[in-house]
Amino acid sequence: MAAPASIVEGFERSLRECLSPFGFEVQPFKVGWYNAVLQPSLHLSHPEDTLAVLVLSAPQMFEKAFKPFLKNREFKNIRDPIDECVAHYVSRAVSQSFPAQKVEVSYDYEMLPNRRPRFLAQTAAHAAGAAYYYQRKDITADPWGNKKMYGVCMHPRYRGWFAIRALLVFPGVGAEGLVQRDPPDCVPSQELRIELLERFNLRWQDWSYRDIVPVEERYSEEQKTYFNTPPADRLKLLQESGDLQICPSY
Ligand code: B12
């Protein structure tokens, strides 16, 4: 069913109002834009005009959402604290904004039974116009031979200092009024694209791929320390900094 442009704008506005104070960005798009670049086995099984919204985390998410989320909370069966935090804010935004609307929510870390991701976050970011996805095939003469080189998205403001967190699909809501725009190409030269893919694949731990071009905002030192800590030690780090109380039964 085609929804008037004002309804789609209203959906986007309510989500933005719920999520942007916590350091998230939302970007609406049509399922068909995503499906158009993928083989049928990877398609989202909805009509091409169906409204979808991509949720990204900006650098401030750590301070605005994650740290307050941890305070006064006791964890029992904790998985990944960041994943739990994102799921908390996204599901609350969905239930507050759309109490009577069916919304399918997928997170970046969720896998299907065939071990494929539930959605390809980078392809969605590019198709939605949110962040340019630089792939090996965008480079005319690459120097890598048979080596597997993964692609990387660059955000127009945060460059590499962001993550793609969730996909919302609104079954039955048509978004005919949306117009597809290319994401800004902030790494236009071949030399820089080669350097970007090398940094992302060969030394992503030094963070330098995120700064390949000048950036407005980065992760704080505290956030970098958190992500530099092996996942198994992160709970201990949060406890030591006083940000998290662990439930004694854990
Ligand atoms: C599995 C996975 C990994 C695996 C494998 C990586 C891979 N790309 O396959 C491993 C463990 C190695 C990994 C590592 C990392 N990862 Co990882 N990973 C993922 C995950 C969960 C799925 C990626 C995947 O399987 N893709 C499947 C492959 C086949 O897709 P593809 O290569 O893009 O191919 C498709 C496109 O080419 C498309 N296509 C074809 N033609 C066209 C044309 C156009 C125009 C477009 C847009 C698309 C398109 O069709 C192909 C499929 O048929 C995603 C989250 C997600 N849900 O997507 C995060 C993700 C890609 N990882 C991410 C990151 C940051 C990392 C790490 C830096 C570690 C970290 N988390 O900090 C490292 C860096 C890589 C490295 N050097 O090791 C980020 C990337 C963010 C960004 N700016 O791009 C993501 C998006 C997670 C997130 N929450 O933001 N990762």
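Just so you know, ligand 1 is whichever comes first in the structure, and atom 1 is the first atom listed for that ligand.
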Within a strict 4.5 Å, meaning less than it, do heavy atoms of the [X] and [Y] side chains meet?
X    : Y    : result
F98  : L15  : yes
S91  : Q96  : no
P117 : M111 : yes

Once you restrict to heavy atoms under 4.0 Å, what part of [X] touches ligand 1? Side chain, backbone, both or neither.
X    : result
Q205 : neither
L202 : neither
A163 : both
W33  : neither
Q135 : side chain
H155 : neither

Geometry only, no angles: is [X] polar-contacting ligand 1 at N/O separations under 3.5 Å?
X    : answer
F162 : no
N201 : yes
A121 : yes
R165 : no
L42  : no
K137 : yes
F200 : yes
K148 : no

Less than 4.0 Å between a side-chain N and a carboxylate O, is that true for E195 and R199?
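Yes.
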Does this structure show an ion pair linking R193 with D185, if we count only N-O contacts that are shorter than 4.0 Å?
yes
Determine, stepwise, if the pair Y226 / I82 fulfils side-chain contact (heavy atoms from CB on, under 4.5 Å).
CA-CA 10 Å; Y226 178 81; I82 291 277; 3.7 Å; yes
Just checking K224: does its NZ atom have more than 12 heavy atoms from other residues, nucleotides or ligands closer to it than 6.0 angstrom?
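For K224, atom NZ is crowded (more than 12 foreign heavy atoms under 6.0 Å).
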List the steps and the verdict of side chain to side chain donor-acceptor pair (under 3.5 Å) for T229 and R234.
CA-CA 6 Å; T229 304; R234 288 179 184 169; 5.8 Å; no
Any atoms of ligand 1 less than 4.0 Å from a non-hydrogen atom of M111? List them with their elements.
21 (C)
Given the rule in the side chain to side chain donor-acceptor pair (under 3.5 Å) test, do E198 and W144 qualify, once you have shown the distances and angles that lead to the verdict?
CA-CA 9 Å; E198 291 192 347; W144 300 307; 2.7 Å; yes
Cationic tip of R203 above Y209 ring, under 6.0 Å, 45° of axis
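R203 over Y209 ring: no.
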